[in-house]
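All heavy atoms count here, side chains included; hydrogens, waters and symmetry mates do not.
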Amino acid sequence: MKAKKVLYINQEITPYVPDSEMAHMGRMIPQVIQEKGYEIRTFMPKWGNINERRGQLHEVIRLSRMMLIIDETDHPLIIKVASIPSTRIQVYFIDNEDYFTKRLMGRDENGQEYDDNGERAIFFARGVLETVKKLRWVPDVIHCQGWMTSILPLYIKTAYKDEPSFANTKVVTSLFSEKLNNNLGENFRQCIEFKDVKADILNGYNKNFMFDDLEKLAIDYSDGIINVGGDVNADFMKYATEKGLPVMDSPKDDNSLCSAYEDFYDKLFEGSQE
């Protein structure tokens, strides 16, 4: 079979956050794939530096107000939506007052990493998956871009594996050069618990769960890996290759993006039936 529906889960998308390689890819890949005729959906966090008025974000009441329990604490999930100007791309934003509204991205105004970045990534992952369920949309491919999305492959292949929206989907993770330096919080292992996902699922990683462990976790539960930019830690790509996963270097030329990514998605379904 060939992929027809692609869910993009992005850490950054231009023009909502300052331009970067990751934000550029968060915009370009969904755009070129949609223009090719695919049906897409796109998600990102509603970072605190996003100007809601300028971006014309508005809350989607029917999708909002669900409570996500993380480490025995209720956290309200807020869903907002906007359309990227001059495109047909609609972006769903995952918001929460504690995790996103009052925060910048991975680091604060002084350049210090947030102590609960791991917990924020868990909330984002579960918020995206619960929203897709509500949309009753069934993607063929889920493409994760950025460290904030690294928990998603684990949940898709475990806690959500029997959900109709995700039972047959393939997961692609794009790796970038950006990294975190601190561990992801002392309670990260407890926070990740959900349904059949228990803290001991992380026993094969370092006790102090670091960025390298986060990237390996994403690789372990993905069906394909893309190296974006060429500055990704070579050990990650070697790790993916040794696991037998399809890997690809993202083209540097925007004109080549569509065909390269389309071919990569289809490669994941080789041998599958329509």
Side-chain angles (χ1 to χ4, degrees), residues 1-14 20-44 87 89 125 128 132 137-157 161 165-178 215-274:
M1 63 175 285
K2 291 182 178 293
K4 301 177 179 68
K5 299 179 180 179
V6 186
L7 171 62
Y8 290 97
I9 308 174
N10 303 282
Q11 179 174 313
E12 304 173 18
I13 301 175
T14 186
S20 67
E21 181 176 50
M22 192 182 298
H24 174 74
M25 297 299 282
R27 158 74 178 268
M28 284 300 299
I29 301 303
Q31 182 172 336
V32 297
I33 291 297
Q34 181 173 258
E35 290 173 351
K36 186 69 173 180
Y38 289 70
E39 185 179 339
I40 72 161
R41 296 287 188 276
T42 306
F43 283 78
M44 73 174 290
T87 75
I89 298 176
V128 169
V132 174
W137 195 67
V138 182
D140 299 308
V141 173
I142 297 178
H143 190 155
C144 302
Q145 303 198 84
W147 65 261
M148 176 58 71
T149 73
S150 295
I151 310 296
L152 279 135
L154 166 66
Y155 281 149
I156 293 166
K157 299 294 187 177
K161 66 181 184 299
S165 291
F166 311 114
N168 299 307
T169 194
K170 300 294 185 181
V171 181
V172 174
T173 292
S174 284
L175 302 180
F176 292 80
S177 58
E178 185 199 20
E215 297 292 81
K216 288 181 178 179
L217 180 71
I219 293 169
D220 284 340
Y221 291 91
S222 293
D223 297 293
I225 301 296
I226 298 178
N227 175 3
V228 182
D231 295 325
V232 174
N233 186 331
D235 289 341
F236 296 148
M237 301 309 298
K238 179 182 179 182
Y239 183 75
T241 301
E242 289 176 347
K243 291 182 67 69
L245 296 177
V247 298
M248 180 183 83
D249 291 331
S250 183
K252 299 184 183 300
D253 177 13
D254 283 351
N255 295 324
S256 304
L257 289 177
C258 184
S259 58
Y261 279 70
E262 185 178 24
D263 289 347
F264 191 73
Y265 295 155
D266 289 343
K267 183 178 181 180
L268 302 178
F269 291 96
E270 287 181 356
S272 299
Q273 299 298 315
E274 289 286 352

> For the atom pair CG (Leu257) and CD1 (Ile29), what is the distance rounded to the nearest 0.5 Å?
Replying inline: 4.0 Å

>> Could you measure the distance from the CD1 atom of Ile40 to the NE2 atom of His143? Nearest 0.5 Å is fine.
In response: 12.0 Å

> For the residue pair Met248 and Ala260, what are the closest heavy atoms and their distance?
Replying inline: SD-O, 3.7 Å

Side-chain donor-acceptor contacts of residues 31-38 below 3.5 Å, not counting sequence neighbours, with atom names and distances?
unit_1	atom_1	unit_2	atom_2	d
Gln31	OE1	Arg27	NE	2.9
Gln31	NE2	Glu35	OE2	3.3
Tyr38	OH	Glu262	OE2	3.0

>> Between Ser150 (side chain only) and Ala218 (backbone N and O only), is there a donor and an acceptor less than 3.5 Å apart?
In response: no

> For Pro246 and Asp223, which heavy atoms make the closest approach, and how far apart are they?
Replying inline: CD-O, 3.1 Å

> Is a donor on one side and an acceptor on the other found under 3.5 Å between the side chain of Thr42 and the backbone of Tyr8?
Replying inline: no

>> Within this structure, what is the OG-CD1 distance for the pair Ser174 and Ile9, rounded to the nearest 0.5 Å?
In response: 12.0 Å

> What's the spacing between Met44 CE and Met22 CE if we round to 0.5 Å?
Replying inline: 10.5 Å

> Side chains of Asp220 and Tyr239: do they bring a donor and an acceptor to under 3.5 Å?
Replying inline: yes

> How far apart are the closest heavy atoms of Ser177 and Val232, and which atoms are they?
Replying inline: N-CG2, 4.2 Å

> Residues two or more places apart in sequence or in another chain: which of them pass side-chain contact (heavy atoms from CB on, under 4.5 Å) with Asp263?
Replying inline: none

> Would you say the side-chain atoms of Glu39 pair up with the backbone N or O of Lys5, donor to acceptor, closer than 3.5 Å?
Replying inline: no

>> Assess whether a salt bridge exists between Asp235 and Lys216, defined as any Lys/Arg side-chain N lying under 4.0 Å from an Asp/Glu carboxylate O.
In response: no

>> For Tyr221, give me all partners under ring-ring contact (aromatic ring centres under 6.0 Å, His included), at least two apart in sequence or on another chain.
In response: none

>> With a 3.5 Å distance limit and no angle check, can you tell me whether Thr87 reaches the backbone of Ile89 through a side-chain donor-acceptor pair?
In response: yes

>> My understanding is that only one of Leu268, Ile142, Ile225, Leu245 makes a side chain to side chain contact (heavy atoms under 4.5 Å, CB included) with Val172; could you say which?
In response: Leu268

> Has the side chain of Thr169 got a donor or acceptor atom that lies under 3.5 Å from a matching backbone atom of Asp140?
Replying inline: yes

> For Glu12 and Ser20, does a side-chain donor sit closer than 3.5 Å to a side-chain acceptor?
Replying inline: yes

